[in-house]
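Because only heavy atoms are used, hydrogens play no part in the values below, and waters and symmetry mates are left out as well, while side chains stay in. Just so we're on the same page: letters track the sequence lines, and every chain starts at 1. The structure displayed is predicted, hence computed values, not measured ones.
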Amino acid sequence: MRRDVFQAIADPTRREIINLLAHKSMNLNAVSDNFDVSRPAISKHIKILTECGLVSIHQQGRERFCTVRLQKLGEVSQWLEQYRSFWNERLDDLESYLGVLQTRKRKTTARKKRKS
Amino acid sequence: MKEVNKFKISRLIQAPQALVFDAFTTAEHLARWWGPKGFEIKVVELDLRPGGIFHYRMLGHDGIWWGRFTFIEIAAPNKLVWLNAFADEAGNVVPAPFGSWPLQIRNTVTFERDGKNTLITITAEPIEATDTERDTFEKGFSSMNQGYSGTLDTLEIYLKRLTAGQR
C-alpha cells in the first residue's frame, strides 16, 4: 500500500489527530480520549501516520508518546502552491482560448449576416 | 490544520456557462487548453459519464506523460467532479513522474452564470481510494441511468451550440 503525506491527510480523523498532536505530544490513550471511535481504530490511524512519516513514536517509561513531524507537512503546502500555479496557468489558457473562439464565431456570424 | 488540504480557486470567465462547461468536457476543447505549460495534449479517450475516463497524452520537451480523469459527477452545465491522476499508456493510474504529488486529486468545479459571464470555482483535495471505496464507486455510479443523463446533458449543450452558431 502506498504511504505518503497526502494519504496521511486524506482522512478526516487523521487530520484531527495531526491537529491534536501539533499542539503537544501525547500518549496513545490521551489521543483516543479525544475521539468517539475505538482505540484500535485510532491505533490504526496512528500506525498509518507513522508509516507516512508524519508521526513518530517514542517510549518514555511505560508510555509511548506520539509526536507530529511538522516539517513533513511542508510537502503538502508545496503541493498546494504548485497546484495553484498549475490551475492559474490553465485558467489563463482557457480564458484566452475561449476569447479567441468567441471572436472567431462573432466574425463568422457577422460575415454570414452581411452575405444574406 | 483542518484546512491543510483545502484548495480553492475562482475565476470569472467571459464566456457563456454552456460553452465553459463544454470546454471542460469535450475532447476538441480540452486538447486546446488542458495540460501543463509547454505540453501538447492528445486525447486518447474521452468517455463522459460517471465512472468514464478521459485519457490523454502530454508531449513535452522532456518526454511523454499520460494523465487521466475519472468522471464522478456530471451535472451540465453547473457542476463537474472528477478524479485527476497521472497515468500510463494503458490508462492505469500511476504516481506523478516528479517529486511529491498526490496519487489522485478530486477536483470539483462549479460553473455559475453571471450575466454573459461564468464564474468558475475549483476546489480540490488529495484523496485516498481504498478497495472498498472503489467498489462502491463502481456499483453506485456506472448505472445506465446516470450514464445516459450525462450523455443527454452533453447532447443538449452540443445542440444549443449548434443552434447558437446558426443564429
Most chain B-contacting option - heavy-atom pairs closer than 4.5 Å, from A:Asp92, A:Thr108, A:Leu91, A:Leu98: A:Leu91

Out of A:Arg84, A:Glu95, A:Gln78, A:Gln82, which one racks up the most heavy-atom pairs below 4.5 Å with chain B? A:Arg84

B:Leu30 versus chain A, the contacting section by heavy-atom distance below 4.5 Å: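 Neither; nothing under 4.5 Å.
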
Answer yes or no: is there a donor N or O on one side and an acceptor on the other, between the side chain of [X] and the main chain of [Y], under 3.5 Å?
X	Y	value
A:Arg90	B:Gly35	yes
B:Thr118	B:Gln17	yes
B:Thr26	B:Ala23	no

For B:Trp34 together with B:Phe39, are the ring centres under 6.0 Å from each other? no

